[in-house]
Number of protein chains: 2
Amino acid sequence: MSNYSPLNLLVRKLNNHVALDDEDKAALIALPHVVRELSPASYIVREGEAPPGCAILLDGFAYRQKLAADGGRQILSVQIPGDPLDLEHLFLDCADHNVQALTQVRLAIIPRAALRSVSMQRPTIAHAFAVNNQVEASITREWLLNVGRRDARTRLAHLLCEVATRLQGQDLVNDYGYELPMTQEQLADATALTNVHVNRTLKSLENEGLIRRDRRAIRFPNWQALKAAAGFDPRYLHLGQQAAAAPG
Amino acid sequence: MSNYSPLNLLVRKLNNHVALDDEDKAALIALPHVVRELSPASYIVREGEAPPGCAILLDGFAYRQKLAADGGRQILSVQIPGDPLDLEHLFLDCADHNVQALTQVRLAIIPRAALRSVSMQRPTIAHAFAVNNQVEASITREWLLNVGRRDARTRLAHLLCEVATRLQGQDLVNDYGYELPMTQEQLADATALTNVHVNRTLKSLENEGLIRRDRRAIRFPNWQALKAAAGFDPRYLHLGQQAAAAPG
DNA sequence: CGCCTATTTGATAGCCGTCAACCGGAGTGG
DNA sequence: CCACTCCGGTTGACGGCTATCAAATAGGCG
């Protein structure tokens, strides 16, 4: 089974948290879908819309985003390959935030009806979707703590640690370094700083030897020290645990 | 049916978002549970724990909370009567944040196994739980925007608007005013400010005529103006919509 | 009345934002 | 092959919002 399909990536992602059996995997891979490619900054979901399908990020990076009345933008999360981008629309009709492509992206778009029906027929899959949503919620809570209660240095370091750790879970990191395709302005929107201050803070982290940069590639010469500086504790990512009992 | 039970409050809350039929309601009310009373500041869930049951807030207020390495505390949400406090443990084994009583509280505690089994047998109930979780996630995202991209005045005003609106949904507001049982220090932890600055900001909102205060009771002499000052748009609360199709 | 906690107020300091200019690499067109 | 352009990154000067520190006031409760 599991001939090549773009949805293998989704299977792998869900399987990180919940043990799927072969039938579950086959059911996921059999989901109807179209693959679409979008250029950087394209909107994948717009606040207020009711998207007809849910998008899975196959390749590239994306982010969730929301705007304040005065035009200020807050990036709410960074999504990496394998991440479902709007699974919440299994449950809500109306998008409450925007999802935008960070780089060139490839998406698999699955009709909501098909997702609903597979999650009705296979409780473990429904459970895996719910777990995925809860892990995202946990990450958002950590971001709230990050923006609310950490200074610029700690905040940026924490973001770098999180992305590195999540990418490693998908085997997208080379010897403790990775390409972070975000401009400093986007980093600022994610950390609630300004691009200028992000620049200064990155340089200071670099001077301290906590990170090394070459264009947008980031390396971690001293991962332990960076984690310590960030106060980074990966438990909120809920890795490792192959979730609880599946329902039932 | 629906003889008096503390769980009627849960039924009502879930029914705000998803239309439950009589059998769903009966199944919810039939859930085994114990009622427990806790004093202010008691921990209801501790980060790292695996609670054996899920708590429903029957009476009083509670909040979610997380600590940074340096001791800074970020309040992640305010929970009002009717709110499930840790439905996420239907899906995750390990708590990623703390839940604490704000006032004297009365809880109904339902064993996780019973919740799982009812959500297996009644897809609409499972759907309602998931919708509830997603609405909470949406609120957290709005808080991230609030803390990240609004100044102190707007931020506090937004929090007041949100709590007022949610309380109104549960008919807990008297002629546009309510008792907000939070100290200014707790307001500070929710808005990522300091108690001193919360104090000054509240006074300034009061001087502008946007709020009136009498001890911890808050009134809104000019609700529209407050909403405007806060940039408050209640769509993120996902009220009004009786969710989508129930699954299936 | 006395203690404790919460609120209020003032003075001072600092982190980070704002504004503005300059630099530097990548792509484009001549 | 080199100017031109553009976007993003870098740097400096300055200002402001909010934190910090400290002390006084006010309420609640024994």
Side-chain angles (χ1 to χ4, degrees), chain A residues 39-41 61 63 68 70-75 101-104 146-160 179-208 211-218 229, chain B residues 39-41 61 63 68 70-75 101-104 146-160 179-208 211-218 229:
Chain A
S39 51
F61 289 73
Y63 60 97
D70 69 352
R73 182 175 73 157
Q74 179 66 46
I75 290 182
L102 188 50
T103 61
Q104 181 87 1
N146 203 34
V147 165
R149 289 298 176 203
R150 291 200 260 251
D151 65 15
R153 186 187 120 98
T154 318
R155 212 184 288 180
L156 253 177
H158 196 279
L159 176 61
L160 296 179
E179 178 87 15
L180 181 65
M182 297 174 77
T183 65
Q184 292 180 1
E185 187 161 358
Q186 289 163 338
L187 285 172
D189 284 340
T191 49
L193 298 167
T194 58
N195 56 350
V196 174
H197 204 66
V198 164
N199 182 281
R200 294 195 230 268
T201 308
L202 281 177
K203 294 210 85 170
S204 127
L205 286 174
E206 194 171 18
N207 288 337
E208 295 175 59
I211 63 174
R212 219 175 311 158
R213 295 184 298 155
D214 176 36
R215 312 209 39 69
R216 295 197 189 149
I218 298 203
Chain B
S39 51
F61 289 73
Y63 60 95
D70 70 353
R73 182 174 73 157
Q74 179 65 47
I75 290 182
L102 188 49
T103 62
Q104 181 87 1
N146 202 33
V147 165
R149 289 300 177 201
R150 291 201 259 253
D151 65 15
R153 185 187 121 97
T154 318
R155 211 184 288 181
L156 253 177
H158 196 279
L159 176 61
L160 296 178
E179 178 86 16
L180 181 65
M182 296 174 78
T183 66
Q184 293 180 2
E185 188 160 358
Q186 289 163 337
L187 285 172
D189 284 341
T191 50
L193 298 167
T194 58
N195 57 350
V196 174
H197 203 64
V198 164
N199 182 280
R200 294 194 230 268
T201 308
L202 280 177
K203 296 209 82 172
S204 127
L205 287 174
E206 194 172 17
N207 288 337
E208 295 175 59
I211 63 174
R212 219 176 311 157
R213 294 184 299 155
D214 176 36
R215 315 213 37 69
R216 296 199 188 147
I218 298 203

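Labels below follow one simple rule: chain letters A, B, ... track the order of the sequence lines, proteins then strands, and each chain is numbered from 1.
- Between D:dG8 and A:R213, no contact under 4.0 Å exists linking OP1 or OP2 to a side-chain N or O.
- Atom CG in A:D214 sits roughly 11 Å away from atom P in C:dG25 (whole-Å rounding).
- Rounded to a whole Å, the CG atom of A:L180 is 15 Å from the C1' atom of D:dG9.
- Considering OG1 of A:T103 and CD of A:E179, their distance stands at 10.5 Å, rounded to 0.5 Å.
- Shown here for B:A229 and B:R153, the closest heavy-atom pair between the two residues is CB-NH2, 3.4 Å.
- A straight line from CD of A:Q184 to C1' of D:dC7 spans 12 Å, rounded to a whole angstrom.
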**Request:** Using a 4.0 Å cut-off on protein heavy atoms (strictly under), produce a 5'-to-3' string for nucleotides 9-24 of chain C with B for base contact, S for backbone-only sugar-phosphate contact, and - for none.
**Result:** BBB----BSBB-----
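- Rounding to the nearest 0.5 Å gives a distance of 10.5 Å between CG of B:N199 and NE2 of B:H197.
- Heavy-atom minimum distance, B:A190 versus B:L159: CB-CD2, 4.1 Å.
- What separates CG of A:L187 from C1' of D:dC7 is a distance of 16 Å, to the nearest Å.
- Within the 4.0 Å cut-off from OP1 or OP2 of C:dT7, at least one side-chain nitrogen or oxygen of B:R216 is found.
- Rounded to whole Å, the distance from CD on A:E185 to P on D:dC7 is 12 Å.
- Looking at heavy atoms from C-beta onward, B:T154 lies in side-chain contact with B:D151 at the 4.5 angstrom threshold.
- Of all heavy-atom pairs between B:L202 and B:R213, the closest is CD1-NH1, 3.8 Å.
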